[in-house]
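Encoded as structure tokens, the structure appears first; notes follow it.
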Amino acid sequence: MSEEKMVSLNTIDDQLIKKAADEGIETMWDRKKAMKAPCGFGEKGVCCRICGMGPCRVSPVAGKGAQKGICGATADTIVARNFARMVAAGTASHSDHARDIAHVLHMASRDGNYQVQDEKKLIALAQEWEVPTEGRDIYDVAHEVAEIALNEFGKPFGTLRFPDRAPAPRRKIWEELNIMPRAIDREIATIMHSTHMGCTSDAESLLRLSMRTSLANGWGGSMLGTELSDIVFGTSTPRMTEANLGVLEEKQVNILLHGHDPCLSEMIVAAAQDPEMIKLTEEVGAEGINLAGMCCTGNEVTMRHGVKIAGTFYQQELAVLTGAIEAVIVDVQCIFPSLAPITDCYHTKFITTSPKAKITGATHIEFNEEKALESAKVIVREAIENYKNRKQDKVFIPQSKAQAITGYSNEAVIKQLDRVVNSNIDPQGTVKPLADVIKAGVLRGAAGIVGCNNIKTKHEYSHIEIMKKLIANDVIVVTTGCAAQAAAKAGLLSKDAIKLAGKGLQAVCELVDIPPVIHLGSCVDNTRIIRLVSAVSEHLGVDNSDLPVVGVAPEWMSEKAVAIGTYVVSSGIDVFLGITPPVTGSPEFVDLLTNKIEDMTGAKFFIDENPLTLADKILERIEEKRTKLEARL
Ligand code: SF4
Ligand code: WCC
Ligand code: FE2
């Protein structure tokens with residue numbers, strides 16, 4: 001197959017798609033074909049279904065069809081409302097995930113399934129929130145911190161706590177724009193209210209509401225997700241792993257962990273090491289239990305345990321097509337409902353575990369946090385017992401995998417940086433070395449490349465092309481989500497990739513002993529990126545928008561990504577999108593996102609579906625920001 005025709009960068013994917021065709025199994029590519037051309041109205045964001053008088057589809061091109069909805073809403077209103085609702089949904093998803101982790105911290109106990117793994121981080125957070133720690137049992141502190149965290153969702157008065165962590169100039173901007181986020185749930189509810197029929201019609205107001213809600217995600221729900229996960233499950237340290245479908249094992253029980261919530265996957269990791277489970281594995285004649293992760297659950301467990309990465313979002317069906325998976329265990333988010341019919345074609349069990357994500361045709365075994373390990377063992381047992389049903393003639397495990405280093409928390413990054421600190425002169429434990437090399441121009445800048453896969457592009461082509469181009473031009477890359485897994489599969493998370501970097505980045509990687517593309521975790525962990533950027537800004541005494549740093553979502557698809565992009569821009573960092581969001585029906589809203597928002601936040605969105613020219617624009621913008629920074633320092 002010629003390279004352009006391949007669905008992804010990986011030839012193995014095309015082999016598996018062919019296997020699907022041979023076996024008469026439908027995949028997302030078949031459904032994409034059946035979908036034909038997407039609806040032009042939906043694509044431009046000008047379809048409104050908000051009230052029962054609709055749906056109203058307005059024509060973005062003047063003179064052709066209806067210009068206004070029945071209530072008089074214009075294309076600008078409809079586009080802005082739809083965008084705001086995407087931000088609300090994304091914020092809800094990340095934040096509700098964090099809420100579950102807060103509950104788990106609240107139930108943590110010394111002899112329970114969930115314990116405090118990072119006491120230092122807990123104490124630091126307790127002190128930040130003025131919770132007494134002296135002479136107290138660590139679990140009392142944990143429970144009080146968890147309660148405060150839970151109150152961040154619905155407190156009736158005041159604003160959120162974490163925005164206090166942002167650099168002072170940034171907080172001032174948020175205050176002036178009146179976008180300092182209040183309680184997390186409140187911001188989501190306000191958007192749902194304001195976008196109800198007959199409320200806000202002004203596009204700029206809708207954007208400001210979206211910004212405030214997105215900040216309740218980035219400096220609220222998501223940040224809680226990261227912080228509390230580190231406290232309960234441990235703050236990650238670098239570890240070696242492998243990535244791509246070749247990590248599946250022919251003679252072991254393969255369990256695919258897919259979704260987002262580490263409360264479940266942490267327990268599955270523990271259950272898989274349980275002597276009772278190991279014994280059962282021997283009884284069924286398997287040589288062991290092989291866990292493999294996908295999407296953010298995959299990121300969470302690879303960060304903390306080095307669990308291998310099976311693949312990214314778009315490979316979820318392909319993983320099943322290997323015929324070698326005993327169970328796909330899912331929690332929430334980014335799970336295709338098609339996994340039910342596709343697993344039916346094999347012996348694979350598809351097990352849903354969350355009441356928030358029940359899927360027709362799946363086996364639902366509800367995960368009970370109160371009896372977490374027991375619950376996880378029931379699920380793992382299902383997988384082990386299913387090993388005997390594997391149909392050898394249907395198995396095809398592609399022999400493709402790459403080495404990767406995962407698990408860089410900000411703490412781990414700073415520890416690496418300490419290697420180059422002369423402790424006679426400078427204190428350890430700061431971002432100074434990073435700020436110094438950016439200031440000096442050894443590194444031209446930094447990019448956070450994050451987000452999903454999207455069938456609208458050749459999978460992973462954009463991620464990898466952009467990453468390669470940036471590192472070759474001395475821009476260090478940090479990555480999360482499925483972009484991180486794409487990088488892992490392409491070998492960019494290994495030190496072997498240092499040779500692909502420019503001279504400056506090469507020198508930094510050698511000295512600090514890191515790969516040129518650094519895995520910072522799951523999608524909620526994008527908050528690690530904004531904190532790292534903020535730490536560098538504070539160190540240099542500037543605002544985030546003065547730094548030569550960018551966010552990039554080359555292949556985004558989820559509403560969560562829209563919320564992330566909006567909080568990143570609201571945090572003063574430009575965002576480059578490789579997929580056009582459904583906003584083009586409103587030239588006014590496009591102008592707000594790609595131009596006017598810069599007057600408000602110092603950053604804006606760039607949209608370009610060609611990864612090569614998108615990468616050029618990123619480099620250009622980084623140089624522009626450098627000039628601005630040099631003038632300031
Ligand atoms: Fe149509 Fe207005 Fe109702 Fe939307 S809110 S469906 S534009 S009448
Ligand atoms: Ni985050 Fe995107 Fe992956 Fe899902 S797991 S597909 S939101 S990047
Ligand atoms: Fe995710």
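In listed order, ligands and their atoms are each counted from 1.
- Panel note: side chain Asn299, backbone Gly481; a donor-acceptor pair is recorded below 3.5 Å.
- The existence of a salt bridge linking Glu227 and Arg528 is excluded, since no basic side-chain nitrogen approaches an acidic carboxylate oxygen closer than 4.0 Å.
- A donor-acceptor pair shorter than 3.5 Å cannot be found between the side chains of Ser214 and Asn217.
- Using cut-offs of 30° and 60° for the angle between ring planes, the Tyr314 and Trp29 rings count as perpendicular.
- Heavy atoms of other residues, nucleotides or ligands lying less than 6.0 angstrom from CZ of Arg31 number more than 12.
- Closest approach of Leu206 and Thr77 over heavy atoms only: CD1-O, 4.1 Å.
- Here 1 is the count of protein N, O or S atoms positioned under 2.8 Å from atom 4 (Fe) of ligand 1, waters not counted.
- Shown here for Pro238 and Ala412, the closest heavy-atom pair between the two residues is CD-CB, 3.8 Å.
- Of the options His260, Lys356, Lys560, a side-chain contact (heavy atoms from CB on, under 4.5 Å) to His97 is made by His260 and by none of the others.
- A 4.5 Å side-chain heavy-atom check between Cys295 and His258 finds at least one atom pair inside the cut-off.
- Once rounded to the nearest 0.5 Å, the distance linking CG of Leu264 with CD1 of Ile379 reads 5.5 Å.
- Residue-and-atom listing of protein N/O/S atoms under 2.8 Å from atom 2 (Fe) of ligand 2, sorted by chain and number: Cys452 SG.
- At least one heavy atom of His260 sits under 4.0 Å from some atom of ligand 2.
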